[in-house]
Visitor: 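Sharing a structure, written as structure tokens. Questions coming.
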There are 2 protein chains.
Amino acid sequence: MDERFKLDNQLCFRLYTASRLITQAYHPLLNEHGLTYPQYLVLLVLWEKDEQPVNDIAKRLLLETNTVTPLLKRMEAEGIVTRSQGKKDARQTIVKLTKKGRDLQNKLTNVPETVGCAVLCESITPETIPGLFGMLDDIINQLQR
Amino acid sequence: MDERFKLDNQLCFRLYTASRLITQAYHPLLNEHGLTYPQYLVLLVLWEKDEQPVNDIAKRLLLETNTVTPLLKRMEAEGIVTRSQGKKDARQTIVKLTKKGRDLQNKLTNVPETVGCAVLCESITPETIPGLFGMLDDIINQLQR
DNA sequence: TATATTTGCATCGTGAACGATATAAATAAC
DNA sequence: GTTATTTATATCGTTCACGATGCAAATATA
């Protein structure tokens with residue numbers, strides 16, 4: 001058996017699985033408030049800086065606008081954000097939190113810690129996290145070409 | 001600004017992004033042969049051990065059968081695998097590689113190395129990979145409850 | 001051996017991801 | 001000042017993920 005093709009030797013499969021499982025860990029916490037994980041990411045971006053064009057949100061999340069646009073439309077339908085045409089550039093769609101969208105932050109205060117604790121184990125501790133972050137950041141930067 | 005809600009402090013966002021970007025790195029290499037990344041994972045499983053029931057493939061990939069079943073049906077339509085009813089247990093669907101499916105391994109020999117090289121950088125080297133694998137495995141095991 | 005439960009897989013509906021394409025506004029080139 | 005190009009976003013089609021549900025075969029229980 002060719003070692004290169006062994007599933008257990010694949011970095012990608014580990015990243016793919018870890019990403020799916022941690023998203024699943026978020027699911028019950030977010031679903032309680034009618035949110036999906038990608039929608040939660042959009043909220044993280046808007047809580048940091050409200051009123052951003054679609055493109056800035058997409059760039060921050062390293063996603064394409066064809067992924068973000070329908071996602072934002074669903075969030076608009078839920079009354080979490082508003083979408084309005086940009087004033088200085090009519091091509092832009094400016095996304096803005098509603099009161100409901102801002103208030104969600106208070107309702108989700110326990111989420112980061114709950115998920116953070118869920119992943120803690122032998123090798124994942126407050127001391128080892130920075131090293132892991134650094135490696136993942138390097139992978140991300142490397143693949144962004 | 002609450003540090004806990006900063007996007008740059010989220011492990012999950014890093015895993016999610018790294019997973020997406022590395023899957024994108026596979027895309028041109030696999031697409032050339034009509035494969036998607038999850039289909040490639042199924043091939044890795046079947047190349048290790050042919051003729052497995054749907055459930056074993058799903059368990060190996062930590063996916064649900066409702067994800068794997070339609071994926072396998074598409075692979076069957078492409079002539080990469082066959083699906084047949086199990087003999088000793090009629091509930092099982094046994095998945096078996098076709099000649100085309102087996103031959104794909106030779107056509108994809110360069111894929112692991114190409115993607116492997118694409119992620120190499122400062123902190124990701126043959127020496128640091130085992131440590132990263134260990135941390136990701138720990139996260140995966142921890143979240144599998 | 002009837003009945004109940006479990007197991008293996010499939011179907012359905014929803015929400016991402018993303019390549020390809022379209023459209024209109026803004027900007028550049030001529 | 002037209003025309004061409006770029007930019008910002010949206011639409012469309014396909015393929016995952018995955019919760020919920022359905023169904024038939026296998027197994028356990030009565």
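All figures in this text were calculated on a predicted structure; none of them were measured in a lab. In what follows, chains carry the letters A, B, and so on, assigned in the order in which the sequence lines appear, proteins first and then strands, with residues in each chain numbered from 1.
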Visitor: Judged by atom type as modelled, is there a donor-acceptor pair below 3.5 Å linking the side chain of B:Thr93 to the main-chain atoms of B:Ser84?
Guide: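 No: the side chain of B:Thr93 does not pair with the backbone of B:Ser84.
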
Visitor: With a 4.0 Å heavy-atom cut-off, tell me which residues in residues 6-15 of chain B come close to DNA chain C, sorted by residue number.
Guide: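 Contacting residues: none.
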
Visitor: Quantify the bending of the helix from C:dT1-D:dA30 to C:dC30-D:dG1 as the angle between its end axes, each fitted on five pairs, to 10°.
Guide: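 Result, rounded to 10 degrees: 10°.
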
Visitor: With nearest nucleotide decided by heavy atoms, which residue, A:Arg20 or A:Lys59, maps closer to the 5′ end of DNA chain D?
Guide: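 Here A:Lys59 is the residue nearer the 5' end.
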
Visitor: Measure the distance from CD on A:Glu64 to C1' on D:dT15 and round it to the nearest whole Å.
Guide: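 Distance check: A:Glu64 CD to D:dT15 C1' gives 17 Å.
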
Visitor: Figure out the CG/P separation between B:Leu30 and D:dC16, and round it to whole Å.
Guide: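 B:Leu30 atom CG is separated from D:dC16 atom P by 11 Å.
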
Visitor: Take the protein atom CG of A:Leu72 and the nucleotide atom P of C:dG15, then report the distance between them rounded to whole Å.
Guide: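 To the nearest whole Å, that distance equals 14 Å.
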
Visitor: What is the distance from atom CG of A:Leu104 to atom CD of A:Gln39, rounded to the nearest 0.5 Å?
Guide: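 Reported value, rounded in 0.5 Å steps: 10.0 Å.
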
Visitor: Quick one: CZ on A:Phe5 to CD on A:Gln10, what's the gap to the nearest 0.5 Å?
Guide: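 So the gap between those two atoms works out to 8.5 Å.
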
Visitor: Do A:Ile57 and A:Ile94 sit in one hydrophobic cluster, given that two such residues count as connected whenever their side-chain heavy atoms are within less than 4.5 Å of each other, even indirectly?
Guide: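 No.
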
Visitor: Roughly, in whole Å, what's the span from CG in B:Asp56 to P in C:dT7?
Guide: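 So the two atoms are 15 Å apart, to the nearest Å.
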
Visitor: In whole Å, I'd like the distance from the CD atom of B:Gln24 to the C1' atom of C:dA17.
Guide: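 B:Gln24 atom CD is separated from C:dA17 atom C1' by 9 Å.
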
Visitor: Can you pull out the residues from residues 31-54 of chain A that lie within a 4.0 Å heavy-atom distance of DNA chain C?
Guide: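 Under 4.0 Å from DNA chain C: A:Thr36, A:Pro38, A:Gln39.
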
Visitor: May I ask you to establish whether B:Arg20 and B:Tyr16 are in a cation-pi arrangement, using a distance under 6.0 Å from NZ or CZ to the six-membered ring centre and at most 45° from the ring axis?
Guide: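 That pair qualifies as a cation-pi contact.
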
Visitor: Got a donor-acceptor contact below 3.5 angstrom from the A:Lys100 side chain to the A:Glu78 backbone?
Guide: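 Confirmed, A:Lys100 side chain pairs with A:Glu78 backbone.
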
Visitor: Going by atom types alone, do B:Gln92 and B:Asn55 pair a side-chain donor with an acceptor below 3.5 Å?
Guide: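 Absent: no donor and acceptor within the cut-off.
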
Visitor: Atom CG of B:Leu120 and atom SG of B:Cys117: how far apart are they, to the nearest 0.5 Å?
Guide: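 The distance works out to 5.5 Å.
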
Visitor: Could you give the CG-to-P distance, from A:Leu63 to C:dG19, as a whole number of Å?
Guide: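 Atom CG in A:Leu63 sits about 11 Å away from atom P in C:dG19.
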
Visitor: Look for any protein N or O under 3.5 Å of an N or O in nucleotides 11-14 of chain C and output each such pair with its distance, or none.
Guide:
from	atom 1	to	atom 2	distance (Å)
C:dT11	OP2	B:Lys73	NZ	2.8

Visitor: Taking NZ, NE, NH1 and NH2 as the nitrogens, is one of them in B:Asp8 or B:Lys6 under 4.0 Å from a carboxylate oxygen of the other?
Guide: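 No, no charged N to carboxylate O under 4.0 Å.
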
Visitor: Run the salt-bridge test on A:Glu32 and A:Lys107 with the 4.0 Å N-O cut-off and return the result as yes or no.
Guide: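 A salt bridge is absent here (no side-chain N lies under 4.0 Å from a carboxylate O).
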
Visitor: Could you tell me whether a side-chain N or O of B:Gln142 sits under 3.5 Å from a main-chain N or O of A:Cys121, the two making a donor and an acceptor?
Guide: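 Answer holds: no.
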
Visitor: Look only at the side chain of A:Glu51 and the backbone of A:Val95, and say whether a donor-acceptor pair between them is shorter than 3.5 Å.
Guide: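 Flag not set: sc A:Glu51 to bb A:Val95 has no pair under 3.5 Å.
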
Visitor: Does any N or O in the side chain of B:Thr128 come within less than 3.5 Å of the main-chain N or O of B:Thr125, such that one atom is a donor and the other an acceptor?
Guide: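 Confirmed, B:Thr128 side chain pairs with B:Thr125 backbone.
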
Visitor: D:dC18 P sits how many Å from A:Ile22 CD1, rounded?
Guide: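 Checked: the CD1 to P distance equals 13 Å.
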
Visitor: Same cluster or not: A:Leu61 versus A:Ile140, using hydrophobic residues (I, L, V, M, F, W, Y) connected whenever any side-chain heavy atoms lie under 4.5 Å apart?
Guide: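 Yes, one cluster joins them.
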
Visitor: Please report, rounded to the nearest Å, how far the P atom of C:dA10 is from the CG atom of B:Leu71.
Guide: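 After rounding, the reported distance stands at 12 Å.
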
Visitor: By a strict heavy-atom criterion of less than 4.0 Å, which residues belonging to residues 78-95 of chain A are in contact with DNA chain C?
Guide: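 Of all residues in residues 78-95 of chain A, the ones placing a heavy atom under 4.0 Å from DNA chain C are A:Asp89, A:Ala90, A:Arg91.
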
Visitor: Just verifying a value: how many Å separate A:Tyr26 OH and A:Leu41 CG, rounded to the nearest 0.5 Å?
Guide: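 It is 8.0 Å, given to the nearest 0.5 Å.
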
Visitor: Can you name the side chain to side chain contact (heavy atoms under 4.5 Å, CB included) partners of A:Asp56, sequence neighbours left out?
Guide: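 By the side chain to side chain contact (heavy atoms under 4.5 Å, CB included) rule, A:Asp56 matches A:Gln52, A:Pro53.
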
